[in-house]
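This report refers to the structure that appears directly beneath it.
Owing to the predicted nature of the structure, the values given are computational and were not obtained by experimental measurement. Numbering of ligands and ligand atoms starts at 1, following listing order.
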Amino acid sequence: MKEISAVFEHLSPSDPVVITMHQKPDPDAMGSALGLYHFFKKQGYPVKVVSPTNWADFLKWMPGCSDVIDFESKDNKANEYLSSAKWLFCLDYNHFSRTRHMESLLTNLPCKKVLIDHHREPQTECFDFGVSDIKKSSTAEMVYDFIVLSGKKDLLDKDIASCLYAGVMADTGSFRFASTTPSVHHMVAELQMQGIQHAKIHSYTYDNFQENRLRFIGHVLSNRMEVLYEYNTALICIPKADILRFHIKTGDTEGLVNYPLSIQGIEMAALLIDRDEERKWSFRSKETFDCNTFARKYFSGGGHYNASGGRSTDSIEENVKQFKQALKEFSSLP
Ligand code: 5GP
Ligand code: MN
């Protein structure tokens, strides 16, 4: 993988560009992809954004979101755009397996592939150019860096800034995580100077659910959370019946995994959701619990040190058993 700075001498505004992100995009995946989309579009590039799956309603306020193509939807043009792309930009993921049913298609595309991402252990051999930096707060921050590096910072505008702000806001836990460096605050100052409405962006993202979702959270915290004090860990385990009963849809479980971290002494929180095709894990930690290694070692996943995810095709009961066993083993590792 060559350095990202090398792309500028090859990119030309007549080149078709497709921007992709990980499945079930979060605000950083969608915000960074749309920020880059507006940046290219302003320069006249034929550019499209393709998401591997659908996305949460709380992302739909983002400028350009209605132009995004859902690869899984029936009558989409994703295949056509992807096969004629000259450049594939891969944002907020570093392994094609994170793009679900797009994995083999993306792996085999003959175009140039560019990585912009901050997750651990990138599949660098799959990309022609790129930047991978686990110290970065968000992919949105890295897209901002990309725009600055291009020498075209004057193209920043309110649309680009709003999308990037949403990404960095979400991935820093609203500017509280350790990844919130002075550079992040400098960038946010620049974004605000574009006239973004930051209070509205918080509301659109976090105060934009239906009543059923809050009742679901109440139910789950009362009835589905187990606190394992001996491991400073809490586990929330959600059966399919709860998802159906509360009419839970994409995005409604976002943030749920963080609640147990507000309990004194709890260092790690895990969330297990029974989805149709698999059991999906989320892991979050406060400080010294390495969620990335834990997810990678036991649940075919990965991510960051303090936030990761994984998956399994075993039953929910089997997963809980494996989790408790894994915790015991992991906590005794040197
Ligand atoms: P979430 O719990 O929100 O799904 O994911 C937390 C973090 O872990 C995100 O940065 C996400 O990209 C990463 N992640 C989630 N699931 C997986 C997975 O199955 N594999 C890998 N490598 N990373 C994941
Ligand atoms: Mn991210």
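Each of the following atoms of ligand 1 lies closer than 4.0 Å to a heavy atom of Ser282: 1 (P), 2 (O), 4 (O). Interface of Lys280 with ligand 1, defined as ligand atoms under 4.0 Å from a residue heavy atom, comprises 4 (O), 15 (C), 16 (N). Annotation for ligand 1: atoms under 4.0 Å from non-hydrogen atoms of Arg311 are 18 (C), 19 (O). Heavy-atom contacts of His304 reach the following atoms of ligand 1: 10 (O) (cutoff under 4.0 Å). Atoms of ligand 1 lying under 4.0 Å from at least one heavy atom of His119, given by number and element, are 9 (C), 10 (O), 11 (C), 12 (O).
For Glu277, the CD atom is densely surrounded, since the number of other residues' heavy atoms within 6.0 Å is greater than 12. Within a 6.0 Å radius of NZ in Lys60, other residues, nucleotides and ligands contribute more than 12 heavy atoms. Lys86 NZ: 12 or fewer foreign heavy atoms inside a 6.0 Å radius.
Using 4.0 Å as the threshold, Lys24 has no heavy atom nearer than that to any atom of ligand 1. For the ligand labelled ligand 1, residue His95 lies outside the 4.0 Å heavy-atom shell. Distances from ligand 1 to the non-hydrogen atoms of Arg284 include at least one value under 4.0 Å.
Note on His119: not counted as a metal contact of the Mn ion (ligand 2), no N/O/S atom lying under 2.8 Å.
Ranking the protein heavy atoms by distance from atom 18 (C) of ligand 1 puts Gly309 O, 3.6 Å first. The single protein non-hydrogen atom nearest to atom 23 (N) of ligand 1 is Gly302 O, 3.0 Å, given as residue, atom name and distance.
At least one N or O atom of Arg98, backbone or side chain, sits closer than 3.5 Å to an N or O atom of ligand 1.
Between Arg279 and Glu318, no side-chain nitrogen of the basic residue sits less than 4.0 Å from a carboxylate oxygen of the acidic one, so the salt-bridge criterion is not met.
Taking the Mn ion (ligand 2) as reference, Asp92 places its N/O/S atom OD1 nearest. The Mn ion (ligand 2) is closest to atom OD2 of Asp171 (considering only N, O or S atoms). Take the N/O/S atoms of Asp28: the one nearest the Mn ion (ligand 2) is OD2.
For the pair Ile160 and Leu155, the tightest heavy-atom approach, listed with the atom from each and the gap, is CD1-O, 3.6 Å.
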(message) With side chain to side chain donor-acceptor pair (under 3.5 Å) as the criterion, how do Asp157 and His38 come out once you've worked through the C-alpha distance, each side chain's angles and the decisive distance to 0.1 Å?
(response) CA-CA 9 Å; Asp157 62 16; His38 291 298; over 6 Å; no

(message) Show, in sequence, the C-alpha distance, side-chain angles and deciding distance for His304 and His118, and conclude whether the ring pair (Phe, Tyr, Trp, His ring centres under 6.0 Å) test is met.
(response) CA-CA 8 Å; His304 311 282; His118 65 143; 4.6 Å; yes

(message) Using the rule given for ring pair (Phe, Tyr, Trp, His ring centres under 6.0 Å), can you reason through Tyr165 versus Phe175, listing the C-alpha separation, both sets of side-chain angles and the distance that settles it, and then say yes or no?
(response) CA-CA 11 Å; Tyr165 182 87; Phe175 311 103; 5.7 Å; yes

(request) Determine, step by step, whether Arg98 and Asp92 satisfy the salt bridge (charged side-chain N to carboxylate O under 4.0 Å, His left out) criterion, reporting the C-alpha distance in whole Å, the side-chain angles of both residues, the deciding distance to 0.1 Å, and the verdict. (result) CA-CA 10 Å; Arg98 296 281 290 129; Asp92 206 37; over 6 Å; no

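Residue contacts with ligand 1, taken as heavy atom pairs separated by less than 4.0 Å, do not involve Glu254 at all.
Lys113 contributes a side-chain N or O that, together with a main-chain N or O of Thr107, makes up a donor-acceptor pair within less than 3.5 Å.
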